[in-house]
Amino acid sequence: MKAKDLLAIADEFGCPVYVYDANKIVSQYERLSSAFKNVPKLQINYAVKALSNISVLKLLKNLGSGLDTVSIQEVKLGLLAGFAPEQIIFTPNGVSLEEIEEASALGVQVNIDNLSFLEQFGSKYPHIPICVRINPHVMAGGNANISVGHIDSKFGISIHQIPHILRIVENTKMKINGIHIHTGSDILDIDVFLYAAEILFETAMHFKDLDFIDFGSGFKVPYKEGDIQTNIEEFGERLSARFLKFCKEYGKDLTLAFEPGKFLVSEAGFFLAKVNVVKQTTSTVFAGVDTGFNHLIRPMLYGATHQIENISNPEGRKRFYSVVGYICETDTFASNRQIAEISEGDILCFKNAGAYCHTMASNYNSRLRPAEVLWYNDKAHLIRKAETFDDLVKNQILLDVL
Ligand SMILES: *Cc1c(COP(=O)(O)O)cnc(C)c1O
């Protein structure tokens, strides 16, 4: 997207505002699917939690994507966006058995990640095929909070418990139609991933009725120039070849599934905020913007780096700034960052704002959540209105006994 289009959107819809470039979502989807073009049955299930706006879901549906969901509400959003239940996989962790039953009753594929529920579900519904989430105990994540395959992780059923899964299958006569891993959110190393895949292939041989193997996600995207990113093309080539060889051994053409969130939408997103104040202290120049971690929590939550550009003055002399939000506690987007000279009223553009930004936004400090705009066919389309004060109070009850 061009800076002039972003500025026009800031002008038309006000700041702060999230903007998503549909072209980038499409090109990322196509990049991933073409990396696996040699696999006859490829299924990409977009991870809704990254960005759950129903218009974005519809865009992905039109590309042929399925959905990966982690709550019954995400399942319902998918159905609302026009997905068929069979195009949705439900991969929750720590939810109630009732929620799993509700999703299953809607017709979506359920992925179970603990032995207790596997046994209970299998006993009650032996005719409904289930996918199991396996923990291969491979550490592939960059940040301790987002690595989910290691030994202490709450996710998945340990590979050491495969005999127990098999006993449950035998006793309940249930059918396991898929196995799944999701080893963490930042796969740097193709070799580490392929190592985890080997464990999954070995595991798969224990199950006779598989239709698919789901390799989860964890594709790394660049946050700034020079960042390491997953080489999708090389990864596709190597995993495809290995997968096809495995299918021969297994004796069936299985579906190879992925569930990328960040990879599909992170770079498509731009978050625009206006500079309220430039404040020079004895040690730092602060640029205070009209937003905070209530709208973009990733830097404060897990130290994510979002590139920030001053699109109002792109040619300006680079100076060092700390970009801070308006929340009344530490609320730092960037410390000592070189940005083109900032004046009050300028529009700053936060990059990589497609994934885990709006979906993690809150009303903290009683602030309103901003609008979302989809840039599609060279036009800006409003896909979520900004909240109003009414939204903030509509579920509150002013007691008259007080
Ligand atoms: C969050 C999540 C994903 C998506 O991860 P990204 O890093 O955004 O690609 C995929 N699968 C499961 C089960 C998840 O919980």
Side-chain angles (χ1 to χ4, degrees), residues 41 43 45 47 66-72 74-75 85-86 88-138 148-184 195-217 243 246-247 249-259:
K41 293 183 183 172
Q43 180 61 49
N45 295 319
L67 294 183
D68 177 67
T69 56
V70 294
S71 70
I72 190 70
E74 286 187 353
V75 170
E86 311 80 66
I88 302 176
I89 179 165
F90 184 46
T91 305
N93 172 264
V95 308
S96 69
L97 186 61
E98 290 72 29
E99 188 170 332
I100 289 177
E101 292 180 79
E102 190 184 347
S104 180
L106 290 171
V108 313
Q109 168 74 50
V110 168
N111 189 354
I112 290 183
D113 95 328
N114 67 76
L115 292 170
S116 168
F117 283 9
L118 188 68
E119 184 163 4
Q120 292 180 67
F121 193 95
S123 309
K124 242 169 137 173
Y125 312 100
H127 57 286
I128 300 179
I130 285 296
C131 174
V132 284
R133 178 169 185 170
I134 304 292
N135 185 340
H137 306 305
V138 174
V148 291
H150 54 91
I151 196 91
D152 291 330
S153 163
K154 68 166 183 156
F155 296 97
I157 301 172
S158 166
I159 36 157
H160 305 303
Q161 293 174 312
I162 300 295
H164 199 152
I165 300 179
L166 294 173
R167 257 197 318 278
I168 291 172
V169 170
E170 198 182 303
N171 292 340
T172 60
K173 307 282 178 264
M174 72 189 299
K175 187 177 148 187
I176 303 299
N177 67 342
I179 53 173
H180 165 273
I181 49 167
H182 174 64
T183 52
Y195 173 73
E198 283 310 319
I199 295 173
L200 205 55
F201 291 139
E202 222 170 90
T203 305
M205 292 309 276
H206 293 290
F207 298 93
K208 310 267 165 288
D209 301 313
L210 294 182
D211 296 320
F212 66 94
I213 298 183
D214 186 334
F215 291 91
S217 179
F243 182 77
F246 169 77
C247 288
E249 290 163 28
Y250 188 79
K252 183 176 175 187
D253 251 347
L254 299 178
T255 296
L256 191 169
F258 281 112
E259 42 194 43

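This structure is a prediction, so every number in the text was calculated from the model and none was measured.
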S.K.: Only counting residues at least two apart or in another chain, list the ones meeting salt bridge (Lys or Arg N to Asp or Glu O under 4.0 Å) with Lys41.
M.R.: none

S.K.: Using the rule given for side-chain contact (heavy atoms from CB on, under 4.5 Å), can you reason through Thr69 versus Val108, listing the C-alpha separation, both sets of side-chain angles and the distance that settles it, and then say yes or no?
M.R.: CA-CA 10 Å; Thr69 56; Val108 313; 5.7 Å; no

S.K.: Can you name the nearest heavy-atom pair linking Ser96 to Phe117, along with the distance?
M.R.: C-CE2, 3.8 Å

S.K.: Can you list every side-chain hydrogen bond (donor to acceptor under 3.5 Å, both in side chains) pair that touches residues 168-177, not counting sequence neighbours?
M.R.: Gln109-Asn177

S.K.: Within this structure, what is the OG1-CZ distance for the pair Thr91 and Phe155, rounded to the nearest 0.5 Å?
M.R.: 11.0 Å

S.K.: What residues, two or more places apart in sequence or in another chain, satisfy side-chain contact (heavy atoms from CB on, under 4.5 Å) together with Glu202?
M.R.: none

S.K.: With a 3.5 Å distance limit and no angle check, can you tell me whether Thr255 reaches the backbone of Ala257 through a side-chain donor-acceptor pair?
M.R.: no

S.K.: My understanding is that only residues two or more places apart in sequence, or in another chain, count here; which of them pass side-chain contact (heavy atoms from CB on, under 4.5 Å) with Pro126?
M.R.: none

S.K.: What residues form a side chain to side chain donor-acceptor pair (under 3.5 Å) with Gln161, not counting sequence neighbours?
M.R.: none

S.K.: Any side-chain heavy atom of Phe243 sitting closer than 4.5 Å to one from Ile213?
M.R.: yes

S.K.: Any side-chain heavy atom of Met174 sitting closer than 4.5 Å to one from Leu118?
M.R.: yes

S.K.: Asp214: what forms a side chain to side chain donor-acceptor pair (under 3.5 Å) with it, not counting sequence neighbours?
M.R.: none

S.K.: Can you name the closest pair of heavy atoms from Gln120 and Leu97 and give their distance?
M.R.: OE1-CD2, 3.4 Å

S.K.: What pair of heavy atoms forms the shortest contact from Ile134 to Ile162, and how long is it?
M.R.: CD1-CD1, 3.8 Å

S.K.: Mind checking the CG-OG1 spacing from Leu200 to Thr203? Nearest 0.5 Å is all I need.
M.R.: 5.5 Å

S.K.: Taking atom types as modelled, is there a side-chain donor on Ser123 or Glu119 under 3.5 Å from an acceptor on the other?
M.R.: no

S.K.: Nearest 0.5 angstrom please: His206 NE2 to Ile179 CD1, how far?
M.R.: 9.5 Å

S.K.: Starting from the C-alpha separation in whole Å, work towards a yes-or-no answer on side-chain contact (heavy atoms from CB on, under 4.5 Å) for Ile159 and His137.
M.R.: CA-CA 8 Å; Ile159 36 157; His137 306 305; 3.9 Å; yes

S.K.: Between Ala196 and Pro136, which heavy-atom pair has the shortest distance, and what is it?
M.R.: CB-CG, 4.5 Å

S.K.: Working to the nearest 0.5 angstrom, can you tell me the gap between Ile168 CD1 and Phe121 CZ?
M.R.: 13.5 Å

S.K.: Using the side chain to side chain contact (heavy atoms under 4.5 Å, CB included) definition, which of the options Ile72, Ile130, Val110 pairs with Ile100?
M.R.: Val110

S.K.: To the closest 0.5 Å, what do you measure between CG (Asn135) and CG (Asn114)?
M.R.: 12.5 Å

S.K.: Only counting residues at least two apart or in another chain, list the ones meeting side chain to side chain donor-acceptor pair (under 3.5 Å) with Asn93.
M.R.: Asp113, Lys154

S.K.: Could you tell me which residues satisfy side chain to side chain donor-acceptor pair (under 3.5 Å) with Glu101, sequence neighbours excluded, listed by chain and number?
M.R.: Lys124, Tyr125

S.K.: Any chance you could measure Ile89, atom CD1, to Leu67, atom CG, to the nearest 0.5 Å?
M.R.: 11.0 Å

S.K.: Could you go step by step and tell me if Phe258 and Asp68 meet the side-chain contact (heavy atoms from CB on, under 4.5 Å) rule?
M.R.: CA-CA 9 Å; Phe258 281 112; Asp68 177 67; over 6 Å; no

S.K.: With sequence neighbours left out, write down each residue that passes side-chain contact (heavy atoms from CB on, under 4.5 Å) with Tyr195, or none if nothing qualifies.
M.R.: Val138, Ile199

S.K.: Looking only at heavy atoms, which two atoms of Cys131 and His180 are closest? And how far apart?
M.R.: SG-CB, 3.7 Å

S.K.: With sequence neighbours excluded, tell me which residues meet side-chain contact (heavy atoms from CB on, under 4.5 Å) with Lys208.
M.R.: none

S.K.: What is the ring orientation for Phe246 with Phe201, classed by angle as parallel under 30°, tilted 30 to 60°, or perpendicular over 60°?
M.R.: parallel

S.K.: Take Ile176 and Leu210 through the side-chain contact (heavy atoms from CB on, under 4.5 Å) test and state the conclusion after the steps.
M.R.: CA-CA 6 Å; Ile176 303 299; Leu210 294 182; 4.2 Å; yes

S.K.: Under the salt bridge (Lys or Arg N to Asp or Glu O under 4.0 Å) rule, collect the residues that match up with Glu198, sequence neighbours excluded.
M.R.: Arg242

S.K.: Ala204 and Tyr250: which non-hydrogen atoms are nearest, and at how many Å?
M.R.: O-CE1, 3.6 Å

